[in-house]
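Some notes on the structure that comes next.
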Amino acid sequence: VRVFDLGRVPWLESQLLYHAMPRVGVEGLVILAPAEPYVCIGRHQDPFQEIDLEACRRRGLPVFRREVGGGAVYLDGAQVFFQVVLHRDSPAARGGTEALYRRMLAPVAAAYGDLGVPSRYRPVNDVVTTDGRKVSGTGAAEIGDFIVLVGNLIEDFDYDTMVSVLRVPDEKFRGKVYRSMHENLTTLRRETGRSFAWGEMTGALVRRFAEELGPLEPAALPAEVRAEAARLEPVLTGPEWFARAGRRTSVEREVRIAGDVQLTQRVHKAPGGLVRSIVEVKDARVVHVSLSGDFFCYPGEGLAGLEDALAGTPLARLEQALASFFAAGRLVVPGVGIPDWLAVLGAA
Amino acid sequence: MAAIGKWEFPDDLAYTAEHVWVRVEGTTATVGLSAFGTELSGQIVFVEAPRVGRAVAVGEPFMSLESGKWVGRIKSPVAGTIAEANEELEWESATVNADPYGKGWLAKITLADPPDLSGLMKPGTPAFEAFIAAERQKYGT
């Protein structure tokens, strides 16, 4: 397998090259970083739902839809990207989705360890520190007869910009996304307190990938890949590709922070009025709940008691937690029953 | 209904090597992902339905699925025109995993010509059983 260490490249090349390689039959491991920041959305996302496009325009951030899955991400030069392109019949591409993620992300976890941040692969597609915080964004796609798996080593991360470009229902939700992201996503610099040279990060990646892919031969990127990237550019930056409709959801807004952490806003119309929730869930357990809406309740401060009572509850036990809370008589909400609370909490 | 391991393969369907099933009734072919195919994919979180009226060729990718940030493509086992897409799956993608041969069907294709299914596999045959055995070894299932 050849390795193409391209250093810093124009932001658009950081996406187009790995889209071009399978189309011209070139396998390899690409390592690069974008010279300019940009926002990238997943293959099946709706940009108008996910991204505050006006905020991106004000900040001068291009927005690109990739063929790879996953969610919206802010990408910049403080992240080193790895892009593995393999023919589906290649011995290195054996196994199903989870097997391939496991084999391709184990080297990434090992590279983090080499750089001073002990990490591990966590199914299906996360690389996390030993205490479970995400350190790498990853995704994959089948393009023609090839499999493309991409991800990054995150030296540093601009949480503020990431959160500011997401489309959210209100600033309260945005604040919760920021807090959850800061708690559940970390970086090399945050963990070690130092910066890293290019060669140090890419050296660890290449060394560890070689243990899985076999000897990696440094090579120049074939000219036909660049030619194909140039041909693809108008297609993958064109309005038809960008504006494709995306995933549909019955929730108001959902942001997945990491594989096992998500923040959701829901609205439910109960007989007693409209109930709104923001729920953070981690490992199928409620972390925080905020409740509001247009309904009567007494005593007024009882709602905070309900929020406190639900924090830490496994999703599977929400119904019991609600029943015991309301049985204690600490809060009365006419016209909002347990099925309504379960609906607005996403556990109906 | 043939069963290999924990996976069922209805006898009246034909299967591609990419785990797509097809049922031909008159001039319409219904296609879906086999139970084994859903096992390899993992939990499917999104189905992008194909556009009705689109022409498809044998082996041509015509729609995509996403699971675990993985985007997979479905290749058509027959040539024709998309007559109907299961748009319910755009809201309830988990149906593909839960009921791959029923409510989880993916698309209906109006056939251009009587299809040549001779290249597809039928359950209960030694060739099919050998193929699934090889796939289980390849994918470690």
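Numbers restart at 1 for each chain; the letters A, B, ... are given by sequence-line order, proteins then strands. Computed from a predicted structure; not experimentally measured.
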- Task: Counting only heavy atoms closer than 4.5 Å, note whether B:S93 contacts chain A via side chain, backbone, both or neither.
- Result: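 Looking at B:S93, nothing touches chain A.
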- Query: Nearest 0.5 Å, what's the NE2-CG distance between A:H44 and B:L65?
  - Reply: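 Reported value, rounded in 0.5 Å steps: 7.5 Å.
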- Item | Nearest-0.5 Å distance, CD of residue A:E142 to NZ of residue B:K75 |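 If I round to the nearest 0.5 Å, the distance is 8.0 Å.
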- Message: With a sphere of 6.0 Å drawn around CD of B:E88, does it hold more than 12 non-hydrogen atoms of other residues, nucleotides or ligands?
- Response: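 Not more than 12 within 6.0 Å, no.
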- Message: Would you say that more than 12 heavy atoms from the other residues, nucleotides or ligands in this model lie under 6.0 Å from the CD of B:E92, or not?
- Response: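 For B:E92, atom CD is not crowded (no more than 12 foreign heavy atoms under 6.0 Å).
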- Task: Heavy atoms only, distances under 4.5 angstrom: which of A:L149, A:I147, A:V124 has the most pairs with chain B? Name it, please.
- Result: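 Ranked by contacts with chain B, first place is A:I147.
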- Task: Please report the closest heavy-atom contact between B:S64 and A:R43, naming both atoms and the distance.
- Result: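 For B:S64 and A:R43, the tightest heavy-atom pair comes out as OG-NH2, 3.7 Å.
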- Taking every non-hydrogen atom, the tightest pair across B:V71 and A:V68: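 Here B:V71 and A:V68 meet closest at CG2-C, 3.8 Å.
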- Proximity breakdown for A:L100 and chain B, heavy-atom pairs closer than 4.5 Å: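 For A:L100, side-chain heavy atoms alone lie under 4.5 Å from chain B.
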